[in-house]
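Following: one structure in structure tokens, then a few remarks.
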Amino acid sequence: MSGPLRIALAKGRLYQPAVARFAAAGIVIDPEPGRRLLIPSSDPAIEFLVVKPADVAVYVESGAADLGVTGTDVLRESEADVLEPLDLGFGACRLVVASPAAQPFPALPGGKTARVATKYPNLAWQHFARGGRPVEIIAVHGSVEVAPLLGLAHWIVDLVDTGNTLRANGLTERETILTVGAVLVANRASQKLKLEQHLRLMSRLG
Ligand code: PRP
């Protein structure tokens with residue numbers, strides 16, 4: 001592990017706030033990277049890569065990236081072994097159980113076992129197991145809110161920010177599983193080997 005600090009950013013809702021946060025720290029990401037996957041910044045000692053949200057922790061845990069910006073939702077779902085040196089203070093939302101507003105909760109008619117659609121099968125499973133409630137988890141990759149409308153699932157476990165998506169699909173928030181936010185994560189070996197660079201970055205972002 002030598003050379004520039006390589007930082008993995010998640011595509012999607014955390015991308016723009018992350019870019020703004022680095023820019024405020026004087027680290028400006030090349031706004032026109034073209035097809036390059038490793039993106040230089042105004043600081044020659046720092047470069048970026050942009051990956052799917054669930055992959056940030058994979059890159060950082062393996063050491064392919066020194067650091068990453070990720071949400072605690074996908075981080076806890078992955079159980080990746082990474083350091084979390086900094087809470088970045090943006091991307092606040094929550095992971096919740098939601099179900100159709102008109103449907104009784106948590107007991108389903110006839111004592112049926114609930115089917116739960118989610119992008120977070122591990123966190124959902126743990127939540128219901130903690131409560132001793134048997135459920136069937138249905139793992140999907142997006143548009144989770146439509147699952148109860150179509151009869152794919154009775155409940156969902158998904159992120160809520162404004163609540164607009166739940167409301168628009170006739171769903172009500174029932175239980176909070178996790179408070180979510182963006183964090184900086186770091187590879188364990190990298191933090192030891194590049195300690196000075198990590199500390200300098202932390203003080204610029206902190
Ligand atoms: C997230 C989440 C909800 C929505 C909640 O999806 O899965 O669908 O945002 O936001 P709201 O409470 O403000 O309506 P995202 O936009 O990240 O896209 P995705 O479904 O592709 O993950």
Side-chain angles (χ1 to χ4, degrees), residues 1-95 119-120 122-123 140-144 158-162 164-165 178-206:
M1 271 183 192
S2 62
L5 271 190
R6 187 172 300 149
I7 304 176
L9 298 181
K11 289 178 191 172
R13 48 191 288 277
L14 295 183
Y15 183 73
Q16 284 306 337
V19 167
R21 183 62 181 275
F22 282 102
I27 304 159
V28 180
I29 301 171
D30 184 344
E32 287 178 16
R35 300 292 295 169
R36 278 175 303 175
L37 297 177
L38 284 178
I39 308 170
S41 76
S42 56
D43 183 335
I46 297 177
E47 66 182 6
F48 291 87
L49 68 152
V50 182
V51 297
K52 293 209 166 175
D55 291 340
V56 169
V58 175
Y59 278 81
V60 174
E61 182 178 32
S62 70
D66 299 285
L67 294 132
V69 174
T70 185
T72 48
D73 52 336
V74 284
L75 184 60
R76 303 282 174 261
E77 175 70 15
S78 76
E79 298 184 337
D81 181 21
V82 293
L83 300 169
E84 286 175 50
L86 195 62
D87 185 342
L88 290 166
F90 59 81
C93 56
R94 54 204 183 278
L95 185 72
K119 290 182 282 185
Y120 304 89
N122 294 329
L123 292 174
V140 293
H141 291 285
S143 306
V144 183
D158 200 18
L159 289 187
V160 176
D161 180 7
T162 61
N164 288 340
T165 311
L178 184 69
T179 301
V180 173
V183 288
L184 189 72
V185 291
N187 175 269
R188 290 182 180 278
S190 168
Q191 202 192 57
K192 287 202 183 95
L193 295 169
K194 298 181 177 178
L195 183 61
E196 284 303 317
Q197 286 164 276
H198 279 254
L199 291 177
R200 214 175 311 127
L201 177 69
M202 238 50 79
S203 74
R204 289 169 83 175
L205 288 172

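The model shown is predicted, which means the values in this text are computed figures rather than measured ones.
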Closest approach of R76 to L123 (non-hydrogen atoms, all atoms of both residues): CB-CD2, 3.9 Å
Atom pair CG (D55) and CD (E61), whose distance is rounded to the nearest 0.5 Å: 12.5 Å
L88 vs R21 side-chain heavy atoms within contact, under 4.5 Å: yes
P85 and M202, any side-chain heavy atoms less than 4.5 Å apart: yes
Any donor-acceptor pair under 3.5 Å from S41 side chain to I46 backbone: yes
Derivation and outcome, side chain to side chain contact (heavy atoms under 4.5 Å, CB included), residues L75 and V82: CA-CA 9 Å; L75 184 60; V82 293; 3.8 Å; yes
Where A45 and Q197 come nearest, the two heavy atoms and their spacing: O-NE2, 4.4 Å
Electrostatic pair R200:D43 at N-O distance under 4.0 angstrom: no
Non-hydrogen atoms of L49 and R6 that approach each other most closely: CD2-CG, 3.5 Å
Inter-residue atom distance L5.CG - F48.CZ, 0.5 Å rounding: 9.5 Å
Closest non-hydrogen atom pair, V144 against V140: CG2-CG2, 3.8 Å
Non-hydrogen atoms of C93 and R13 that approach each other most closely: SG-NH2, 3.1 Å
Any side-chain heavy-atom pair of K194 and L201 under 4.5 Å: no
Heavy-atom closest contact (G26 atom, S42 atom, distance): O-OG, 3.3 Å
Passing candidate, side chain to side chain contact (heavy atoms under 4.5 Å, CB included) with L86, options L184, V69, L67, V183: L184
Check: D30 and I39 side chains under 4.5 Å, non-hydrogen atoms: yes
T72 OG1 to D87 CG distance, which is reported to the nearest 0.5 Å: 8.0 Å
Within-4.5 Å side-chain heavy-atom neighbours: N187 and Y59: no
Atom pair CG (D158) and NZ (K119), whose distance is rounded to the nearest 0.5 Å: 4.5 Å
Test item: V180 and R94 side chains (from C-beta on) under 4.5 Å apart, heavy atoms: no
Any side-chain heavy-atom pair of F22 and L9 under 4.5 Å: yes
Spacing of CG belonging to L195 relative to OG belonging to S190, to within rounding of 0.5 Å: 9.5 Å
